Number of protein chains: 2
Amino acid sequence: MEERIERIKQQLHSHGYKLTPQREATVKVLLENEEDHLSAEDVYLLVKEKAPEIGLATVYRTLELLSELKVIHKINFGDGVARYEFRAENAAHHHHHLICIQCGTVDEIVEDLLGDVEKMVERDFNFEITDHRLTFHGICHRCKAESESE
Amino acid sequence: MEERIERIKQQLHSHGYKLTPQREATVKVLLENEEDHLSAEDVYLLVKEKAPEIGLATVYRTLELLSELKVIHKINFGDGVARYEFRAENAAHHHHHLICIQCGTVDEIVEDLLGDVEKMVERDFNFEITDHRLTFHGICHRCKAESESE
DNA sequence: CTAAGTGCAAAACGTTTGCAGCGCC
DNA sequence: GGCGCTGCAAACGTTTTGCACTTAG
């Protein structure tokens, strides 16, 4: 945890930015809730518990800054709010999302399912892929278990 | 074109809705620009050329209605605006998007690349897939050709 | 001292909604 | 003459911005 903050601090410094207390609080919240896909509002409320004087705008500015530095990733599941998650350190390491249409939970698949598909797309469409997004919508194992036990 | 409008008219009627002039103008714009992925604002401006008296709210309501009837599909590429495209007639027929980060063009891949991947996900994660979204971000063949010729 | 960073409030953005009026069966 | 549909304007929730103040190097 500490060393990850230290790393982010260095990334900020190398681009001429500072790790202010507000930014540090925001990063901590993101680290502590790495499993979830927090919205800016979520982050704001959690940060406010540690540092009540922080403003929503600062959280937005920090999230945008961290996105620019590619520390976090801004994702959009189509529900009108942006969510944020840490980026994998090694660029090749992709992951995907399973969104439950019943309970709304977002699970992750950390395996890279698209290696072959990407190669095919690059070749057949002469398209140089820099990133991809893959989400599955459906019913998660929890909701399936629940409906079966009824 | 005419028969497609007729079909949509029937779909509306079968659910107790009418094909009003405003709705018809909207559908026509969607049909005429099927290649593009128009935002609500885009549709509004194009419809306004044919029917200047139309309101933006009506366009939104029409697009929502057509989405409900599964005539069109609301998609979100993460740029903050919803876009719309016609749905494939046969539900099994998926397609995916190639978004160019240089020129912004959205191309389509009509092949279903995910058949095997879906089976794997359903089995390994006990997740019942109802839908999926796959987009690749990168540099399209046009921009690649352009940068090479410089 | 200077520039970056902050909090607040106001603005902007895409989208939705309330409502009075209109037009079609 | 009732009801679906429309246009307008106002409201909405999320995100951005302008500005004066604070802080760190």
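This is a predicted model, so every value here is computed, not measured. Chain letters run A, B, ... following the sequence lines, proteins first, then strands; residues in each count from 1.
The separation between Leu38(A) atom CG and dT15(D) atom P is 13 Å, rounded to whole Å. Atom C1' of nucleotide dG14(C) and atom OH of Tyr84(B) are separated by 10 Å, given to the nearest angstrom. The CG-C1' distance, from Leu65(A) to dT16(D), rounds to 15 Å in whole Å. Arg83(B) places its CZ atom 15 Å from the C1' atom of dT15(C), with the value rounded to the nearest Å.
Proximity of a side-chain donor or acceptor of Thr58(B) to a complementary backbone N or O of Ile54(B) within less than 3.5 Å is not detected. With hydrogens and angles disregarded, a donor-acceptor distance shorter than 3.5 Å links the side chain of Thr130(B) to the backbone of His137(A). Within the 3.5 Å criterion, the main-chain N or O of Ile129(A) finds a donor-acceptor partner in the side chain of Glu122(A). The backbone N or O of Phe77(A) sits nowhere less than 3.5 Å from a side-chain atom of Arg83(A) that would complete a donor-acceptor pair.
Counting only heavy atoms from C-beta on, Lys18(B) has its side chain closest to dG4(D) among dG4(D), dG7(D), dT16(D). Counting only heavy atoms from C-beta on, Tyr17(B) has its side chain closest to dC5(D) among dC5(D), dT16(C), dT17(C).
Look at Gln22(A) and you won't find any side-chain N or O under 4.0 angstrom from OP1 or OP2 of dT23(D). Contact check, Arg23(B) against dC5(D): a side-chain N or O comes under 4.0 Å of OP1 or OP2. Contact annotation: Thr20(A) side-chain N/O to dA24(D) OP1/OP2 distance is not under 4.0 Å. Put simply, Tyr60(B) has a side-chain N or O that comes within less than 4.0 Å of OP1 or OP2 on dT15(C). The shortest distance between the side-chain N/O atoms of Thr58(B) and the OP1/OP2 oxygens of dT6(D) is not below 4.0 Å.
Taking 3.5 Å as the limit, the base of dG7(C) and the side chain of Arg61(A) contain a donor-acceptor pair of atoms between them.
In this structure, Leu56(A) reaches the bases: a heavy-atom distance under 4.0 Å links it to at least one base atom across the strands shown. Among the heavy atoms of the strands lying under 4.0 Å from Glu53(B) are primed sugar atoms or P, OP1, OP2 only; no base atom is included.
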Chi angles and distances behind the side-chain contact (heavy atoms from CB on, under 4.5 Å) call for Tyr84(B), Ser67(B): CA-CA 9 Å; Tyr84(B) 301 86; Ser67(B) 292; 4.1 Å; yes
